[in-house]
Participant: 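Below is one structure. I have some questions about it.
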Amino acid sequence: MSLFLRNVHRDLPAYVPGTHEEGSAYVRLNTNESPFPPSSDVLESIARESINLNFYNDPDCTSLISALSAHVHVAPENLMVGNGSDQVLQLAFLAFADGFITLPDITYSYYDLFAALYGIKLRRIPLESDFSIDPLKYWNAGSMIVFPNPNAPTGLALTPETIQGILEHNPDQVVLIDEAYVDFGAETVIPLIDQYPNLLVVRTFSKSGSMAGIRLGYGAGSAGLIADLARIRNAVDLYGVNRLAQAAGVAACSNWTYYADNCRLIMRERARTTQELRAMGFTVLDSLGNFIFAKPSGIPASALQQALAQRGILVRHFSGPRTEEWLRISIGTAAQMSMLIDACRQILKTVV
Ligand SMILES: *Cc1c(COP(=O)(O)O)cnc(C)c1O
C-alpha cells in the first residue's frame with residue numbers, strides 16, 4: 001500500500017471471487033456463471049456493432065431500454081441500465097443509503113464492499129436456523145434494505161406477498177431486491193414497482209443471460225427512483241454501458257426463448273443434483289437459483305472442496321461459523337453435473 005491512499009480507504013476489504021481458471025481443464029461450478037454460450041443472435045449483433053466502435057456509445061441506452069421495456073413489460077422511464085448489476089447496486093448505495101443499510105448476515109458479499117467504500121454501516125439480521133429470511137425482522141428497519149431474492153448462497157426465496165409486507169412497513173426507505181437469480185424459478189416483484197415508489201429491483205444478464213463477461217445489468221423502479229439513479233450514473237460513468245453490451249442486450253431481449261429454455265435445463269439439473277446428493281446423505285436446501293447450497297455428511301465441506309478440485313471440479317466454500325460446513329455448487333450442464341455426482345460418490349467411498 002502506498003502513502004497516498006486516503007485514510008478512509010485503508011481498511012477497505014478485498015472482494016474474493018471464485019477462482020477464475022480459464023479454459024476447459026476445469027469444470028467450473030464455483031462462480032454461478034451460465035454453462036451455455038450466448039445465443040447466435042447475440043454473437044451476430046456484437047460482430048455487427050463492432051464496426052462502430054470508433055463512435056461513442058449512446059449514454060441513454062435508448063434502444064436497449066426500449067428492448068428491455070418490451071422484455072420485462074415495464075415503461076422505459078422505469079428502467080436504467082448499468083455496467084453489470086454490480087454497478088447498479090453500487091449506484092443505489094451511493095444514491096440512497098444514508099448512514100446504514102439493513103441486510104441479512106449471510107448474503108452476497110459484494111454489498112459489504114460497496115458499504116465500506118462509501119462509509120455506510122451494516123445492520124446484519126441473522127438468517128433463521130434453517131437459513132430463511134424472517135420478513136418481520138425487516139419491518140420498520142429505519143434504513144435502506146438490501147437482499148437478493150432468491151438469496152445467495154442459500155437459494156431460498158420469499159414470495160412477492162412477503163416482500164410486499166416489507167415494502168409497506170418501510171414506506172420511507174428504499175427496499176432493494178436483487179433479482180440476479182430470479183429467472184430460475186422464483187417470482188419477480190417487478191409488477192410491484194407501480195404500487196411502491198420505494199421498491200428498486202436490480203437484475204443482471206450475467207446468470208440467466210449467459211453474458212457475465214459483457215457486464216450488463218439493470219434497475220427497475222418508480223420513475224423518481226430511476227431518475228435519481230440515472231443522475232448519479234451520469235455523474236460517475238456516463239458511457240459505462242458500452243456499444244457491444246448495448247447491442248448484445250437488445251439481441252438477448254428480442255429473442256429470450258433460447259435463454260428461457262436454458263433456465264429450464266438448469267432447473268432440471270438442479271432437481272436431479274439435489275436428489276442425488278440427498279441420496280448420498282447431504283443436506284441440500286431447496287434452491288431457486290442456478291446453484292445449490294449443500295452440506296456433505298461424513299466429510300468436512302472444505303475437504304470435499306479440495307478433493308473435488310483435485311479431480312478438476314471447482315465449487316465454492318465460504319468460511320465463517322454458519323457457512324463453513326456447506327458448499328455452494330453452481331448448476332452446469334447435465335454432463336458436468338454427472339461428473340460432480342460421480343466424483344462425490346467416489347470421494348465419499350474413500351473416506352468411509
Ligand atoms: C452475480 C451476482 C450479481 C452480479 O451481477 P453482475 O451483473 O455480473 O455484476 C449481483 N447480485 C448477486 C446476488 C449476484 O449473485
Side-chain angles (χ1 to χ4, degrees), residues 15-20 28-35 38 42 61 64 68 72 79-94 101 103-115 117 127 131 133 144-158 163 175-186 188-189 200-220 229 233 236-237 240-242 244-246 248-249 252-253 259 263 266 270 285 287-293 315-316 318 323 328-332:
Y15 179 72
V16 188
T19 47
H20 283 277
R28 294 165 51 144
L29 306 179
N30 62 335
T31 51
N32 291 351
E33 292 154 331
S34 173
V42 163
C61 302
L64 174 55
L68 255 184
V72 295
L79 293 166
M80 64 85 66
V81 290
N83 183 258
S85 66
D86 283 340
Q87 185 181 45
V88 181
L89 294 166
Q90 189 180 344
L91 294 171
F93 279 39
L94 189 55
I101 57 167
L103 75 176
D105 64 337
I106 298 169
T107 192
Y108 184 46
S109 60
Y110 223 140
Y111 303 144
D112 292 28
L113 218 80
F114 299 144
L117 184 61
L127 296 180
F131 289 103
I133 285 176
M144 177 169 159
I145 294 170
V146 182
F147 60 84
N149 195 53
N151 194 13
T154 64
L156 301 180
L158 297 179
I163 293 173
V175 177
L176 193 166
I177 305 297
D178 181 348
E179 292 194 338
Y181 300 107
V182 80
D183 290 331
F184 302 100
T188 178
V189 290
L200 179 63
V201 182
V202 175
R203 290 220 187 147
T204 177
F205 283 89
S206 294
K207 286 29 188 274
S208 57
S210 291
M211 289 200 280
I214 208 137
R215 313 306 304 134
L216 186 60
Y218 59 101
L229 270 182
R233 202 258 329 266
V236 172
D237 191 13
V241 183
N242 69 64
L244 304 186
Q246 291 188 37
C253 288
Y259 299 99
C263 288
I266 294 289
R270 180 179 69 203
L285 300 188
S287 172
L288 290 176
N290 65 342
F291 56 87
I292 51 174
F293 199 48
V315 300
R316 192 84 203 264
F318 299 95
T323 51
R328 190 196 68 189
I329 304 169
S330 309
I331 303 297

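We count ligands from 1, going down the list as the structure has it; atoms in each ligand are counted the same way. Position 1 is the first residue of the sequence; numbering continues from there.
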Participant: Yes or no: does Gly217 have any heavy atom under 4.0 Å from an atom of ligand 1?
Facilitator: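 Checking ligand 1 against Gly217, which is what was asked, there is no heavy-atom contact under 4.0 Å.
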Participant: Suppose we measure from atom 5 (O) of ligand 1 to each protein heavy atom; which comes out shortest, and what is that distance?
Facilitator: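 I find the closest protein heavy atom is Ser85 OG, 2.9 Å.
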Participant: Any N or O on Tyr108 sitting closer than 3.5 Å to an N or O of ligand 1?
Facilitator: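 In fact, backbone or side chain, Tyr108 has no N or O that close.
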Participant: To which protein heavy atom is atom 15 (O) of ligand 1 closest, and what is the distance rounded to 0.1 Å?
Facilitator: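 Protein heavy atom with the smallest distance to atom 15 (O) of ligand 1: Tyr181 OH, 2.5 Å.
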Participant: Would you call Glu33 and Arg28 a salt bridge, taking side-chain N to carboxylate O under 4.0 Å as the test?
Facilitator: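 Result for this pair is yes, salt bridge flagged.
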Participant: CG/Asp105 to OG1/Thr323 distance, rounded to the nearest 0.5 angstrom?
Facilitator: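 The OG1 atom of Thr323 is 9.5 Å from CG of Asp105, to the nearest 0.5 Å.
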Participant: Taking side-chain contact (heavy atoms from CB on, under 4.5 Å) as the criterion, tell me which of Ile133, Leu285, Thr107 meets it with Thr154.
Facilitator: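 Among the candidates, only Leu285 passes.
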Participant: Let me confirm one number: the SG-CZ distance from Cys61 to Arg233, rounded to the nearest 0.5 Å.
Facilitator: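 Between atom SG of Cys61 and atom CZ of Arg233 there are 5.5 Å.
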Participant: Answer yes or no: is there a donor N or O on one side and an acceptor on the other, between the side chain of Glu179 and the main chain of Val201, under 3.5 Å?
Facilitator: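 Pair absent, no side-chain N/O of Glu179 close to backbone of Val201.
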Participant: Asp86 versus ligand 1: do any nitrogen or oxygen atoms come within less than 3.5 Å of each other?
Facilitator: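 Yes - when backbone and side-chain N and O of Asp86 are compared with those of ligand 1, one distance drops under 3.5 Å.
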Participant: Is the shortest heavy-atom distance from the side chain of Phe184 to the side chain of Leu288 under 4.5 Å?
Facilitator: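 Of all side-chain heavy-atom pairs linking Leu288 with Phe184, none is under 4.5 Å.
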Participant: Just so I know, are the side chains of Pro35 and Ile266 near enough to count as touching, which here means a heavy-atom distance under 4.5 Å?
Facilitator: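 Touching, per the 4.5 Å side-chain cut-off.
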Participant: For ligand 1, which atoms have a heavy atom of Thr204 less than 4.0 angstrom away?
Facilitator: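 This gives 5 (O), 6 (P), 7 (O), 8 (O) as the contact atoms.
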Participant: Around atom 11 (N) of ligand 1, find the nearest protein heavy atom and jot down its residue, atom name and distance.
Facilitator: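 That would be Asp178 OD2, 2.6 Å.
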Participant: Just jot down the ligand 1 atoms closer than 4.0 angstrom to any heavy atom of Gly84, in number order.
Facilitator: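 Once the distances to Gly84 are compared, the set is 7 (O), 9 (O).
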Participant: Looking only at protein heavy atoms, which one is nearest to atom 2 (C) of ligand 1, and how far off is it?
Facilitator: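 Checked against all protein heavy atoms, atom 2 (C) of ligand 1 sits closest to Lys207 NZ, 2.4 Å.
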Participant: Arg203 and Thr188: side-chain hydrogen bond (donor to acceptor under 3.5 Å, both in side chains), yes or no, with the steps?
Facilitator: CA-CA 10 Å; Arg203 290 220 187 147; Thr188 178; 2.9 Å; yes
Participant: Tell me which protein heavy atom sits closest to atom 8 (O) of ligand 1, plus the residue, atom name and distance to 0.1 Å.
Facilitator: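 In this structure, atom 8 (O) of ligand 1 has Ser206 OG, 2.6 Å as its nearest protein heavy atom.
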Participant: Return the residue, atom name and 0.1 Å-rounded distance of the protein heavy atom closest to atom 9 (O) of ligand 1.
Facilitator: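 Minimum-distance protein heavy atom for atom 9 (O) of ligand 1 reads Arg215 NH2, 2.7 Å.
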